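The analysis underlying the following values was restricted to heavy atoms, covering all of them including side chains, and did not include hydrogens, waters or symmetry mates. These numbers were taken from a predicted model, which means no experiment stands behind them. Positions are given from 1 along the sequence.
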Amino acid sequence: MNGLASTALALWREDLRDFGGYRSARSDALCGEVWLNANESPTASAADAGGVLRRYPDPQPHPLRDALAGLYGVAASQLLATRGSDEGIDLLLRAFCAPGQGAIVIAPPVFGMYAVCAKLHGARVVEIPACDTAVGWHSDLDAMAEAALRERATLVFVCNPGNPTGEAIANGEIEHLAQRLRGKSLVVVDAAYGEFAGADDGIRPLAENDNLVVLRTLSKAHALAGARIGSVIAAAQLIDMLKRCQAPYPLAQPAVQAALAALAPEALARTRDAVGQVRRERERLHALLADAPGVRRVYPSQGNFLLARFADAQAAFDVLLGAGVVVRDMRATPGLDDALRISIGTPAQNDRVLAALACLAEAA
Ligand SMILES: *Cc1c(COP(=O)(O)O)cnc(C)c1O
C-alpha cells in the first residue's frame with residue numbers, strides 16, 4: 001500500500017480535490033525566538049504554572065504519533081492521531097461521502113456513532129443486520145459487500161470486536177471483504193476493543209489492502225477515555241487526506257501528555273495486566289451469569305463487556321440500579337428489546353452484579 005492508495009484517491013470527494021485545509025500558525029516549519037504569529041498571550045495563565053498551555057499545541061506531535069505507531073506496529077506516516085476514534089469516524093465521513101449524497105454500510109446492532117456521523121453529514125445509512133445465531137452474533141460481510149456495491153457506499157464499517165454484540169470477525173474474512181471492494185469502498189475496521197480479543201493482529205491485512213482503514217483508541221484498554229486520544233491507521237496517502245479535514249489543533253496538550261505517559265513501558269505493562277484481568281473476569285462473569293436465574297442468554301464476547309438477554313430486563317435493570325450498579329439498557333435497539341450490556345468491572349464490582357441478580361431470582 002506504500003504510496004499506492006488508489007482506492008482513497010478514487011473515493012476522495014470530488015469537490016475537495018484541491019482542498020488544502022486550514023493553514024494554522026503551526027503549518028510552516030519556521031525557526032525563531034519570539035513567536036508573535038498566532039495571537040497567543042505573551043504571559044502565562046495563573047492556572048498554568050508551567051506555562052505550557054499558553055501556546056497552541058502541535059497538531060500532530062511527533063513523539064505521540066511515533067509512540068502510537070510503535071504501539072500498533074505501523075509507520076508514523078500511516079497513522080493520524082485524533083480526538084478519540086469518534087473524530088476518526090467523523091473525518092472519514094466528511095472526506096469520503098459527498099454531503100447529501102454519500103452512503104455507508106453498517107451491521108446493526110452496532111456502535112451508534114457511524115449512523116450519527118452519517119446523519120449529521122447527510123449520508124444514507126444502509127443497514128445489513130447482523131444475524132443472531134446459535135454460536136453468537138454474525139455480521140454478514142458478503143451481504144455488506146453486495147449492499148456497498150449496489151448502493152455505491154464509500155464506507156463499510158466493521159466493528160471488530162463488535163459493540164454491543166461481542167462478535168469476533170476473522171482477519172481472513174475482512175481481507176476478503178476488502179479485496180472485493182477494492183477501488184469501490186473503504187472498509188473501516190473499528191478495533192476499539194482489539195486488546196481484549198483473542199488475537200490482536202487486526203493491523204496485519206493493511207499491508208496488502210489499500211482500502212482498509214483501522215480505528216484504534218486509548219479509551220478502553222488503556223483507560224484514558226477522558227483524554228480523548230484515538231488513531232486512524234491506513235495508507236499514508238489516505239492519512240494525508242484526512243489530516244486536511246481535521247481541526248487545526250485537535251489534540252489538547254494535557255491529553256497528549258497523558259497519552260505519552262500511558263505509552264511508557266511500565267504503563268504499558270500495567271495495561272497488559274489490567275487487560276488480562278478483564279479477560280479473566282469476562283469469562284468468570286459469563287459462566288456465572290449464564291447460570292443465573294432470569295438470564296435467558298449471555299453472548300460470547302471478545303470485548304470488555306457482556307451482552308445478556310433477560311426474562312424481565314426491566315426487573316434486572318431495576319434490581320441492579322437498586323444495588324447501585326448502572327448497566328447499559330439496550331432495549332431501545334431493534335432486536336435487543338430484552339437485553340442489557342454490562343461492562344466488566346473489578347472482581348468486587350462483578351460480584352456485586354451477581355449478588356444483585358441473585359436477589360432478582362428471590363423476588364421472582
Ligand atoms: C467506545 C467506542 C469508540 C469510541 O472511542 P473514543 O476513542 O473514545 O472516541 C469507538 N468505537 C467503538 C466500537 C466503541 O465502542
Side-chain angles (χ1 to χ4, degrees), residues 71-74 78-79 82 84-86 88-89 92-93 104-115 117-118 125-133 135-145 147-148 153 155-182 185-209 211-222 230-234 275 278-279 282 299-307 333 335-336 341 343-344:
L71 178 67
Y72 301 128
V74 297
Q78 295 173 291
L79 183 142
T82 54
S85 42
D86 287 344
I89 295 164
L92 286 162
L93 252 299
I104 69 166
V105 175
I106 62 172
V110 76
F111 185 56
M113 280 307 284
Y114 317 132
C117 292
V125 179
V126 179
E127 299 192 344
I128 304 294
C131 310
D132 185 2
T133 78
V135 290
W137 291 91
H138 177 71
S139 296
D140 187 344
L141 299 194
D142 281 333
M144 291 173 85
L155 297 169
V156 176
F157 283 95
V158 178
C159 193
N160 189 33
N163 173 17
T165 62
E167 179 190 9
I169 304 171
N171 263 344
E173 277 193 71
I174 289 173
E175 279 184 274
H176 182 69
L177 174 69
Q179 278 153 19
R180 221 175 134 186
L181 294 176
R182 183 171 210 146
S185 317
L186 296 174
V187 174
V188 184
V189 180
D190 186 345
Y193 301 96
E195 294 88 346
F196 301 103
D200 183 11
D201 59 354
I203 305 291
R204 192 174 46 78
L206 271 173
E208 280 94 47
N209 297 282
N211 60 333
L212 254 187
V213 180
V214 177
L215 302 176
R216 303 294 308 237
T217 180
L218 299 187
S219 293
K220 307 287 166 47
H222 293 270
S231 297
V232 181
I233 300 166
V275 166
V278 166
R279 288 168 46 127
R282 177 182 71 202
Y299 289 91
S301 170
Q302 291 292 301
N304 65 345
F305 52 84
L306 290 170
L307 180 69
T333 305
L336 294 180
R341 192 194 66 194
S343 303
I344 305 301

At their closest point, which heavy atom of [X] faces which heavy atom of [Y], and how far apart are they?
X	Y	value
Leu141	Glu173	CD1-O, 3.7 Å
Ala178	Asn211	O-ND2, 2.8 Å
Ala197	Pro161	CB-CG, 3.9 Å
Ser231	Tyr72	OG-CE1, 3.7 Å
Ala147	Ile128	CB-CD1, 3.7 Å
Gly303	Arg282	O-NH1, 2.8 Å

So, taking the atom named [atom1] in [X] and the one named [atom2] in [Y], what distance separates them when rounded to the nearest 0.5 Å?
X	Y	atom1	atom2	value
Ile104	Leu92	CD1	CG	10.5 Å
Arg180	Met144	CZ	CE	12.0 Å
Ser301	Asn163	OG	CG	9.0 Å

Tell me, do [X] and [Y] make a side-chain contact under 4.5 Å, heavy atoms counted?
X	Y	result
Ile106	Val126	no
Leu218	Leu71	yes
Asp190	Met113	no
Asn209	Val187	no
Ile344	Leu306	yes
Glu167	Asn160	no
Leu212	Ile174	yes

Residues at least two apart in sequence or cross-chain that pass ring pair (Phe, Tyr, Trp, His ring centres under 6.0 Å) with Tyr114, listed by chain then number, are Phe111, Phe157
side-chain contact (heavy atoms from CB on, under 4.5 Å) partners for Ala221, two or more places apart:
Glu195, Phe196, Val275
side-chain contact (heavy atoms from CB on, under 4.5 Å) with Pro164: which residues, sequence neighbours excluded?
Pro109, Leu307, Met330, Leu336, Arg341
Donor-acceptor contact present, side-chain Ser85 to main-chain Gly230, <3.5 Å:
no
Please report the C-alpha distance between Leu79 and Val232 in whole Å, then the side-chain angles of each, then the deciding distance to 0.1 Å, and finally whether the side-chain contact (heavy atoms from CB on, under 4.5 Å) criterion is met.
CA-CA 6 Å; Leu79 183 142; Val232 181; over 6 Å; no
Option passing side chain to side chain contact (heavy atoms under 4.5 Å, CB included) with Leu177 (candidates Val158, Val189, Ile169):
Val158
